[in-house]
There are 2 protein chains.
Amino acid sequence: MTRAPDRFDLESFLPYLLNQAAEATSRAFQAVYRDRYGMTRTQWRVLAHLGQFGAMTARDICARSHIEKTKVSRAVAALEGDGMLARAPSPEDGRAEILSLTARGRAAYAELGNLAQAHDRTLRGTVGPEASAKLDEMLRRLIDAP
Amino acid sequence: MTRAPDRFDLESFLPYLLNQAAEATSRAFQAVYRDRYGMTRTQWRVLAHLGQFGAMTARDICARSHIEKTKVSRAVAALEGDGMLARAPSPEDGRAEILSLTARGRAAYAELGNLAQAHDRTLRGTVGPEASAKLDEMLRRLIDAP
DNA sequence: TTGACTTGGTTGCAATCGCAACTAATTATT
DNA sequence: AATAATTAGTTGCGATTGCAACCAAGTCAA
């Protein structure tokens, strides 16, 4: 049985493993949104947030996704430039803007969402269906840790 | 009980979860090598590889770590500039260079390795000790997947 | 051998990132 | 009300990245 080594072991270092897994699983899908819509990863995520949860402010996206606000800001600008999303002034807060997808943005989300779901299924297939639920839970715990 | 949703769910999208977990777990440790040695993440990884596995060529590091060769090349240059590692011509291949840590590099590795190990232990503590072994296995499977 | 092809490693360049500084609007303090 | 402290979002800039092009050494094939 494998046990924790006495010396530091890079290849069992959790941040390292997670980075590699994240990189490996993201890269395949990256080609999809890059080739079809010229999007960056952050743009795809912002689109997905708005597509899934509906209109919200940039601040909300930051809070939900833990993406840096400058990244969100630039992704929003790019998506707006591509006609994927529109900004509306918030009636309650003069600083904030309500972001929502345009028809074009919704169409992109519909297509990419389906492809993403398919990708997710094959990934979960490689770890096994029961284990995959456990995996989610562990990842969430790490994300929400101190 | 939670089941797979019909519609695409960003927050259960594995690449997304993995990215967040990787980001969250890496960020805390990043402060360590950045503040103490002014290293980037890639530099730290290259150092760790050499520290753990001994002298090898840049090519070997790429193969082992799946880091892009240009990233490795630049990290090696930076580490060399900081006196952390030295290059020696390979006797077998005139193109390749054997990379090895200097005393200073080994000292840095010793310190950072210990701190990394401690960080890893607290991370694994948050997911539970038995689960953490399963986690490793799943991550490795995702990394090595097609 | 000579020339085509591969491979280890570096470099140029455009794009992206992270952080700090900034503007403008809101809230808190007195 | 006036001013200080926060907050939403943007921007400037240096550092990092990714990709393609490149150089030099090694391998292959005729």
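The structure presented is a predicted model; accordingly, all values stated were derived computationally and were not measured. Just so it is clear: chains get the letters A, B, ... in the order the sequence lines come, proteins before strands, and each one is counted from 1.
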Given atom [atom1] of [X] and atom [atom2] of [N], what is their separation to the nearest angstrom?
X	N	atom1	atom2	result
B:Q43	D:dT16	CD	C1'	11 Å
B:I61	C:dG9	CD1	C1'	12 Å
B:K71	D:dA20	NZ	C1'	17 Å
A:E97	C:dT23	CD	C1'	13 Å
B:M56	C:dG9	CE	P	12 Å
B:D35	C:dC19	CG	P	11 Å
A:D93	D:dT7	CG	P	12 Å
A:I67	D:dT10	CD1	P	14 Å

Quiz item: Below 6.0 angstrom between ring centroids: does that apply to A:Y37 and A:W44?
Solution: no
Is there, by distance only and without an angle test, a donor paired with an acceptor across the side chain of [X] and the base of [N] below 3.5 Å?
X	N	value
B:R74	D:dG18	yes
B:R87	C:dG9	no
A:R95	C:dT26	no

Quiz item: How do A:V72 and A:Q30 order along DNA chain D: which one's closest nucleotide is nearer the 5' end?
Solution: A:V72
Exercise. Name the residue closer to the 5' end of DNA chain D, choosing between B:E68 and A:K69 according to the nucleotide with the nearest heavy atom.
Key: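 Taking each residue's closest nucleotide, the earlier one in sequence belongs to A:K69.
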Practice problem: Answer yes when A:R45 and A:E68 have at least one side-chain N-carboxylate O distance shorter than 4.0 Å, and no when they do not. | Solution: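 No.
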Quiz item: Salt bridge check: are B:R141 and B:D136 linked by an N-O gap of less than 4.0 Å?
Solution: no
Practice problem: Would you indicate which nucleotide in D:dC19, C:dG9, C:dA20 comes nearest to any side-chain atom of A:T70? | Solution: C:dA20
Quiz item: Cluster question for you: counting only ILVMFWY and a side-chain heavy-atom cut-off of under 4.5 Å, with indirect links fine, are B:V127 and A:I143 together?
Solution: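 Cluster IDs for B:V127 and A:I143 match.
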Practice problem: List for me each residue that meets side-chain contact (heavy atoms from CB on, under 4.5 Å) alongside A:S73, sequence neighbours excluded, and say none if there are none. | Solution: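 For A:S73, no residue satisfies side-chain contact (heavy atoms from CB on, under 4.5 Å) once neighbours in sequence are set aside.
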Exercise. Classify the nucleic acid contact of B:T42 as base, sugar-phosphate or nothing, counting any heavy atom under 4.0 Å across all strands shown.
Key: sugar-phosphate
Quiz item: Taking the nucleotide of DNA chain C with the closest heavy atom to each, which residue, A:G38 or B:T57, is nearer the 5' end?
Solution: B:T57
